[in-house]
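Have a look at the structure below, then the notes.
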Amino acid sequence: MALYSDKVMDHFRNPRNVGVLEDANGIGEVGNTMCGDIMKIYLKVNDDEIIEDVKFETFGCGSAIASSSMATELIKGKPVSEALELTNKAVAEALDGLPAHKMHCSVLAEEAIQAALEDYQNKKLAAKQGVTQP
Amino acid sequence: MTIYADNAATTRMSQTAINAMLPYMGEIYGNPSSLHTVGQKANEALTEARERVAKCFGCEPREILFTSGGSEADNQAIVSAARIGEKKGKKHIISTAFEHHAVLHTLAKLEKEGFDVTLLDVHENGIVTPEEVAAAIRPDTCLVTIMYANNEIGSIQPIPEIGKVCHEKGVLFHTDAVQAAGHIHIDVNEQNIDMLSLSAHKFHGPKGTGVLFAKKSIPLTNIIEGGAQERGKRGGTENIPGIMATAAALEEACANIDKNAAHLIPLRDKLIAGLDKIPHSILNGDRVNRLPGNVNFCFEGIEGESLLLLLDDKGICASSGSACTSGSLDPSHVLLAIGRVHDVAHGSLRLSLGEDVTEEQVDYMIAAVTDVVAYLRSMSPVWRDLQEGRREYILK
Ligand SMILES: Cc1ncc(COP(=O)(O)O)c(C=O)c1O
Ligand SMILES: [Zn+2]
């Protein structure tokens, strides 16, 4: 189908980093079934603040799966500070573009990564302060 | 290998239809309105095509109007009935919630003009009852328009009974038979139909040609103003190649309805039985009153577009009512109308079989869909939540 670039189809057909991280220290889930796309990101950040491993699960269309796959590739092995800068534009560009009505999928990927990073930072903070999160 | 299982979207033209149109692109290229021999030959062909189409529905040739397709025929039927109605102060129209947009958007336009539109519920099986139609008819009702068979879920409506109810109450009855024509026996008189729309590309005819049947007693309103073609009810030089192919395709389809159904129904039911085995899935539409080639399922925990793309990789051409395939935020209005919630409607799949489908292909489709659904579920956070009890299954 010519709807998507070869890059999108490649990441859709052979998604990188699919699955669950049992020892994740940052998890983010965004989207809802009303709109039709849900993404969940699992991060394993090491003591040097490097994203050692990342996995994703996605319920969604071809571009949602490809966007999650690409987003995980873009942050894997990178410092948290760098991952925090990830934008949906960067995800879409790395996929050689997305159709206009599919840009929301890349937005969702950015939001899922940011949610997972936030979860990581909250957990770290909670651990430091010795309190459990409400 | 390609299995084209999207015949409800469009069909491949039959060789009969192609052969029927070719002479009218070459030797017999005249304009039927021209007085000379070349034009009159085209005019003779047009007359003959009209007779042949009329014969397929048991009506008179003068009751057949050639249009640019199903959408135009739907528009003209509804607008005509509305104009007749408003002259008598009748501005109420009854339809259903799961009509094609050619009908729904025309009704929405009339609503803006002050018409009152009642959209009947179609229940979980996708069938409206004649009793419900009767109960909805008011003294100011000018039209009942209900599709013969639904394009997504294939459910067939009790058209003769609905038509009877309409006639008892003196209300015009139109049916969008785009999915039914050439697949189900239709006799407009026996089935109490006043107006009917069809589209040739749904029964192996060409795209961009359709038919509006309207009883001769019904004065039609033009959608396209112009010359005196089609008894002045549709301007524009007639699409003679398309019309000739429409007549040929329709005749061929109608002659083979029983044969095609005898081949398709067992294979359709085998496909349904195979997909029924996928856990947490549901068949959409009625099991019995169903188009011979239609299969439509929802699978919980996955999204339809990714399902289609992966099936395409396996050589299967299908369609889905998911939001992502339509480019809108909402899944199919048809699936919502039969009570599927958003979560489930996103995971829909329509396989509409062609008459040449084989049992091997059905087996292949069952295996492919089963595999792809399992694969997509394996990467779906929704499915994990369902499996691990954090979310309740909607489909048993
Ligand atoms: C039920 C129904 N009505 C109307 C139409 C519109 O027909 P056409 O594409 O010929 O305008 C279609 C085809 O998509 C249909 O399935
Ligand atoms: Zn999407």
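Below, read A as the first sequence line, B as the second, and so on, with proteins coming before strands; counting in each chain starts at 1.
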*In Å, rounded to the nearest 0.5 Å, how long is the span from CD of Glu305(B) to CG of Leu3(A)?*
6.0 Å
*Measure across Ser306(B) and Gly60(A) and return the closest heavy-atom pair with its distance rounded to 0.1 Å.*
OG-O, 2.8 Å
*Is the number of heavy atoms from other residues, nucleotides or ligands under 6.0 Å of Asp6(A) CG greater than 12?*
no
*Closest heavy-atom contact between Phe12(A) and Tyr375(B)?*
O-OH, 4.5 Å
*Non-hydrogen atoms of chain A under 4.5 Å away: do they reach the side chain of Arg384(B), the backbone, both or neither?*
side chain
*Would you mind checking which part of Ser63(A) comes under 4.5 Å of any heavy atom in chain B, side chain (CB onward), backbone (N, CA, C, O), both or neither?*
backbone
_Under 4.5 Å from any heavy atom of chain B, what part of Ile65(A) do you find: side chain, backbone, both or neither?_
side chain
*Pro15(A) and Met379(B): which non-hydrogen atoms are nearest, and at how many Å?*
CG-CE, 3.7 Å
*Supply the atom-to-atom distance Asp313(B) CG to Met9(A) CE, rounded to the nearest 0.5 angstrom.*
5.0 Å
*Can you name the closest pair of heavy atoms from Leu309(B) and Gly62(A) and give their distance?*
CD1-CA, 3.8 Å
_Quick check against the 3.5 Å criterion: does Glu303(B) have a side-chain atom that pairs as donor or acceptor with the backbone of Phe59(A)?_
no
*Heavy-atom contact with chain A under 4.5 Å, split by part of Leu307(B)*: neither
_Is it the case that atom CD in Glu111(B) sees more than 12 heavy atoms from other parts of the structure closer than 6.0 Å?_
yes
*Over 12 non-hydrogen atoms of neighbours within 6.0 angstrom of CD in Glu392(B)*: no
